[in-house]
Amino acid sequence: MPELPEVETTRRRIAPLLVGRTVAEVRTTRPSYLFLTPPARLRRALAGRRVERLERRGKYLIGGLDDGSRLVLHLGMTGQLFSSAATSPRLWRVADRAASADARTGGAAALSSPRAQRVFAPDQHTHLRLSFRDAGPEVWLRDARKFGKVLWLAPGEESERLARLGVDALAATGATLYAATRGRSVAIKSLLLDQAVIAGVGNIYADEALYGAGVRPTRRAGRVSREECERLATALRGVLERSIETGGSSISDYIAPDGSDGAYQDERRVYAREGEPCSRCGTRIWRVVLGQRSAYYCPKCQR
DNA sequence: CACTTCCCCTGCAAGC
DNA sequence: TGCTTGCAGGGGAAGT
């Protein structure tokens with residue numbers, strides 16, 4: 001589940017394969033809600049455009065094009081952005097599935113060469129494929145659950161989605177949190193997940209930051225003290241920066257553009273650890289449902 | 001306006 | 001073994 005660290009890792013690793021290159025052809029799957037900009041319009045808009053930069057805002061990736069337009073991507077729950085030249089066993093498994101699907105439908109098996117020489121193949125979940133004029137590796141967007149978003153913005157066009165975003169989670173301070181929580185009766189965790197307040201935090205890092213700060217996820221936001229807001233901001237920055245260092249968390253679906261796994265899942269203290277002993281006090285980790293989502297915490301260390 | 005619930009989607013794991 | 005059921009959750013729409 002791509003949150004800020006996974007999106008940032010994706011950005012850093014896919015940028016060298018995008019920036020400075022000119023799009024030749026855009027291939028899409030059939031229209032779906034994934035495409036906020038209709039595929040036909042997207043194809044016309046991107047063909048011939050050179051990518052000048054790739055930025056991140058919260059969980060969004062924003063490609064700046066040479067005509068001033070922008071390509072906005074959100075990876076949702078299962079979005080993966082990677083290169084057709086990636087060499088990784090994780091991606092070979094996808095390639096194998098694509099080949100068997102191809103065989104089932106009577107098409108020519110695309111992957112018969114030895115593993116070391118094979119090129120990764122798109123499957124039924126590969127919804128966007130960009131090829132480039134230099135004929136080098138393509139860049140693909142794969143999203144099994146299709147919770148992601150693809151949006152093209154004309155030069156100067158604003159986006160309500162982007163305008164709604166609050167301060168980037170890496171820049172959030174204790175003062176930011178304190179101001180945002182005053183008078184709010186929602187659970188502090190729900191507020192952390194609100195992208196209009198802080199952009200980039202998802203379920204994993206919200207739980208980890210609250211654990212680091214010793215604050216229960218269910219506490220009313222307005223009851224969190226100034227000192228606790230300071231601890232929370234520090235803990236949040238800490239877990240996000242550490243996760244970026246380790247390449248993000250590979251729980252369920254996330255893999256980096258080169259097909260590699262992140263390692264932060266091995267460092268998480270509470271997320272998806274229901275019943276396991278707290279690393280500080282040994283108490284069993286609890287799981288509660290908050291806003292239709294699981295929240296994990298130590299009932300002793302978090303008050 | 002603040003807050004909660006529902007829903008989009010698919011793969012995987014647990015249970016029978 | 002094979003089926004059904006439940007769960008994962010970003011985030012917007014709809015409901016309270």
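Proteins come first, then strands; the chains are lettered A, B, ... in the order of their sequence lines, and each starts at number 1.
Going from atom CD of A/Glu274 over to atom C1' of B/dA14 covers 15 Å, rounded to whole Å. Between the CG atom of A/Leu191 and the P atom of B/dA2 there is a distance of 12 Å, given to the nearest Å. As rounded to whole Å, 10 Å separates atom P of C/dG12 from atom CG of A/Asp194. Following rounding to the nearest Å, A/Ile188 (CD1) and B/dC3 (P) show an atom-to-atom distance of 12 Å. Between the CG atom of A/Leu34 and the P atom of C/dG10 there is a distance of 17 Å, given to the nearest Å. When the P atom of B/dC12 is taken as reference, atom CE of A/Met77 falls 13 Å away, rounded to whole Å. When rounded to the nearest whole Å, the span between CG of A/Leu4 and P of C/dG11 equals 11 Å. Between the P atom of C/dG10 and the CG atom of A/Leu193 lies a distance of 7 Å, rounded to the nearest Å.
Other residues, nucleotides and ligands place no more than 12 heavy atoms under 6.0 Å from the CH2 atom of A/Trp286.
The listed nucleotides are C/dA8, B/dT4, C/dG12; the one nearest the side chain of A/Tyr271 is C/dA8. Closest approach to the A/Gln292 side chain among C/dA8, B/dC6, C/dG10 is made by B/dC6 (side chain taken as heavy atoms from C-beta onward). The side chain of A/Arg161 has C/dG12 as its nearest neighbour among C/dG10, B/dC3, C/dG12. With C/dA8, B/dA2, B/dG11 as the candidates, the nucleotide lying closest to the side chain of A/Arg287 is C/dA8. Ranking C/dG12, B/dT4, B/dG11 by closeness to the A/Val186 side chain, first place goes to B/dT4. For A/Arg145, whose side chain is taken as the heavy atoms from C-beta onward, the closest listed nucleotide among C/dG10, B/dC3, B/dC9 is B/dC9. With B/dC3, C/dG12, C/dG10 as the candidates, the nucleotide lying closest to the side chain of A/Asn203 is C/dG10.
Remark: the A/Arg216 side chain and the A/Gln302 side chain contain no N/O donor-acceptor pair separated by less than 3.5 Å. For the residue pair A/Thr28/A/Arg43, the side-chain donor-acceptor check at 3.5 Å is satisfied.
At least one side-chain heavy atom of A/Trp152 sits under 4.5 Å from a side-chain heavy atom of A/Leu65. Looking at heavy atoms from C-beta onward, A/Arg44 lies out of side-chain contact with A/Pro39 at the 4.5 angstrom threshold. With a 4.5 Å cut-off on side-chain heavy atoms, A/Val7 and A/Arg12 do not count as touching.
The phosphate of B/dC3 (OP1 or OP2) has a side-chain N or O of A/Arg184 nearer than 4.0 angstrom. Remark: A/Thr78 is not in phosphate contact with B/dC9, judged by side-chain N or O atoms under 4.0 Å from OP1 or OP2. Taking only side-chain nitrogens and oxygens, A/Arg220 never comes nearer than 4.0 Å to OP1 or OP2 of B/dC3. Regarding contacts with the backbone of C/dG12, every side-chain N or O of A/Lys149 stays at 4.0 angstrom or more from both OP1 and OP2. Listed pair A/Ser294 / C/dA8 meets the phosphate criterion, a side-chain N or O lying under 4.0 Å from OP1 or OP2. Between A/His125 and the phosphate of B/dC9, there is no side-chain N or O to OP1/OP2 separation shorter than 4.0 Å.
A/Ser185 comes within 4.0 angstrom of the backbone, heavy atoms only, and of no base.
Between the base of C/dG11 and the side chain of A/Arg293 there is a donor-acceptor pair shorter than 3.5 Å.
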